[in-house]
Trainee: 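First, the structure itself, so that you have it in front of you.
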Amino acid sequence: MPSALSCFHCQLPIPPETQFFTDIDGTPQQFCCAGCQAVAQTIMAQGLGDYYRFRTKAAGRAELVPDELRAQLKSYDNPDVLAEISDSTTQGQRIELSVNGMSCAACAWLIEKQLSQQAGVQQVHVNSGTARCELVWQPAQVQLSALLEQLSQLGYQAAPFVPDQEEQSFKNELNAYLRRLAVSGIMSMQVMMLAFGLYFGEFSGIEAQYEGYLRWVSLLMTLPVMAYAARPFFTSAWRALHSRELNMDVPISLALLYTFFASVYATVFDTGEVYYESVCMFVFLLQLGKFFEFRARKRARDATSNLLKVLPVSATLLQDDQPVATSARKLVAGQHILVKAGETIPADGEVVAGNSSTDESMLTGEYSPVAKRVGDMVMAGSINHDGILTVRVAHALTESRLGQIIRLQQETLHQKPAILQQTDKIARFFVQRLLVIATLTFISWYFFIDAERAFWVTLSVLVATCPCALSLATPTAITCALAQLNKQGILIKNQHVLAFLPKLTQVFFDKTGTLTQGRFSIAKVNLYQAGWTEQAALGLIAALERHSEHPIARAFANYETPDVVASDITLQIGQGLTASWQQQQVKVGSRAFCQALDITDTAQVVLQVDDVLIASVELADQLRPEVPALVQQLQQAGLKTSILTGDGSGHGELLARELNITEVYQGCSPEQKVSTIQQAVSAGETVLMIGDGINDSPCFHAAQVSVALDSGTELSKNQADVVLLHNDLAQLQQLLAGARQAQAVVRQNLWWAAGYNLVIVPLAVCGFVSPYIAVIGMSFSSILVVSNSLRLLNK
Amino acid sequence: MSIIYVLIPIAILFVAIGLLIFFWAVRSKQFDDLDKEGFSILFDEQKKKQRQDHDTDA
């Protein structure tokens, strides 16, 4: 709830000496910044105040809409760009947007409301779970940029998004699961109801005609379950048999078909027992487990699949020296493009005018900004920091380094080391023996004991040993473990991870952004004048650096103090800043900029007041605080640890010595990273790769398990098996512990199911188990297995 | 008891209708985002009330 000291909109604490007040429903409310205030005013002016009443989570802190953003949004109105990011339907243009800043379902409502009030908007559909918005609008009546601007006025940043094909098929699959679940669930209820009639008939007598009628009706209602809901089991079993394999679906299909056709036989010839309710319930329970597992995986996938955001969508083309917005994909070699500060460079090319520095860390792993002057090459996907560049395109986007990396990653996609599922191994063992036992039972009863009972005794054997518990053992445990890890902020997209993790032998760490924080922080401050404190020097540097976009400037953001005010700030791109402060001239920048070359240390930032050297600051990309303990724990657990980095500066070796890591691979290109990991895998190691950059994503597929951090690039999160949402590497330990627990539970479940079968099979073979008792035993062992798995949720 | 010859087919008919409605709901994306749909009831009520307020104002 908002208190006097927290912002009405984002509920963050209000900084002292800020005065942003607005009347909301007659009461003055305070805000933390102009951004939040503007958003709240927009929301109230549109009559959408309900948002504040019903939201369950605070909004993200809003920023004022800068003019640069407006200009950037305008580029989406270009017909070329529009054609690429949206498609035409009969109702209008349809586009999918990924929305940043959504925190709860009330946000979804707010966006739908706001957009549907606009003229020309045909349809808005917001999914709060995936933070996606589907929008259909008439480009003739309203421009996309206007709609996106409306959203940013509400505090949400929307970007066009093209879902990949895999995602679409996931969506269809989930809907198919829902339909199958409905068919098997509803039919189970109906058939169970009729089964109760038949149960009571057993005890108190039922007229033969009614019994026959109820059986026929049950048969009719079980048909859709067998023909529709259970079909995935049959097709999977058929595929396995076709390739001379046995998987868990084989015994499931066998039991289903045998039970169903035995019941049909009993119905048609009016003898024996029917088990329609068992068939329906079995299908329903199996589908339910699979549905939950699939939904958990889909959520994890959706949360991280914003692939297109990496690829630059639009570019500013210079045609006869006039800037024209165009689609980044349409750029061809030889064209000139303009790249403003803060923009993503849309193509590989050569700088022909301008002066700036770029951030290529996503592509190379090198964290220091790279200075770019006329004649230097720039890479698509890197970010232009501070100056305006004119670039001659060297080749099209798909041929760029970024395009190559993405292609490499798609090539490695299908090379994922496979693991034979434990349950499949058991299934093979189990089915072979089951078939032998069932056949022997039938033959011995038919020829030697009682030919009349042979069919029904065989049925008891099959029902009693029905693989229900066995087939539920692994998926239920894995689903519960996934849910539990998810609660801890560990998103698992590929459930095979849990099978690999307990066997792990080697861990590869990326350096920049993974072992280190991926940004500059202050390592050391050297003072040269008496009377200056570290705090005062840093405060003054911060007051100047806040006007710079350079990544070095961000290191000082925490040292800003409101009482230090600098004026007349001028920015020398790539060099430093000058300003006046208390009638003195202040210079902050590189050693060359301050003419302080006589300093011998490796300081990157120097502070001068009236040409007197005050302080120099050494910056470093520092280790994450949790890393040393984590590496030590992993090494104690007997795991090999290695560093795999694209940075060739030798920093990796220093870090390795500090962490006591012996294996270091430096200056690796994405291709070298892939081959390093492939070598480790073929040497028999079970490998975990943890990284955050675009350059790490291809080798994610080469390793058995890949982990990305939430602070990493979208592409790495998209490709990784696991995403650590709290950006805390110590979560790796939680992940390993969770996987071990899941494995323990799976083992217990399998032992139970196997032990139960060992007891019941001899009894059933001897004819002591009537099919009803077999059904009860089967249900009981299934419930036991499911309850055992549920224990994982309470951990 | 012969009434069950009529009642059970009627029940089956209802089940079939129910399933068809469910299939339609899945197709029209009503199950895509279950968090939001839980909220829609709150907002809709509010909207109607506001409209009534407007009507009485006018």
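Each chain gets a letter, A, B and so on, in the order the sequences are listed, and its residues count up from 1. Predicted model, so just to flag it, every value in this text is computed and none were measured.
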Trainee: Taking CZ in A:Phe200 as the centre, count heavy atoms belonging to other residues, nucleotides or ligands within less than 6.0 Å. Is the count above 12?
Mentor: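 For A:Phe200, atom CZ is not crowded (no more than 12 foreign heavy atoms under 6.0 Å).
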Trainee: Once rounded to the nearest 0.5 Å, what's the spacing between atom CD1 of B:Ile8 and atom CH2 of A:Trp216?
Mentor: 15.0 Å
Trainee: Above 12 or not: heavy atoms from other molecules or residues under 6.0 Å from CZ of B:Phe14?
Mentor: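 Not buried by this count: 12 neighbours or fewer within 6.0 Å.
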Trainee: Going by the salt bridge (charged side-chain N to carboxylate O under 4.0 Å, His left out) test, which pairs reach into residues 209-226 of chain A, not counting sequence neighbours?
Mentor: A:Glu211-A:Arg215
Trainee: So if I take each residue of residues 178-188 of chain A and look for any heavy atom under 4.5 Å from a heavy atom in chain B, which residues do I end up with?
Mentor: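 Contacts with chain B: A:Leu178, A:Arg179, A:Ala182, A:Val183, A:Ile186, A:Met187.
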Trainee: Chain B heavy atoms under 4.5 Å from A:Glu207: which part of the residue, side chain, backbone, both or neither?
Mentor: neither
Trainee: Keeping to residues at least two apart or across chains, list the side-chain hydrogen bond (donor to acceptor under 3.5 Å, both in side chains) pairs with something in residues 19-28 of chain B.
Mentor: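 Qualifying pairs, neighbours excluded: B:Ser28-B:Gln30.
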Trainee: Strictly distance-based, threshold 3.5 Å: is any side-chain N or O of A:Tyr210 a donor or acceptor partner for the main-chain N or O of B:Ile4?
Mentor: no
Trainee: Pick one of side chain, backbone, both or neither for A:Leu214, based on which atoms fall under 4.5 Å of a heavy atom in chain B.
Mentor: side chain
Trainee: With chain A as the partner, which of B:Ser2, B:Ala25, B:Ala11, B:Gly18 has the greatest number of non-hydrogen pairs under 4.5 Å?
Mentor: B:Ser2
Trainee: For A:Glu173, enumerate each residue passing the salt bridge (Lys or Arg N to Asp or Glu O under 4.0 Å) test, keeping only those at least two apart in sequence or located in another chain.
Mentor: none
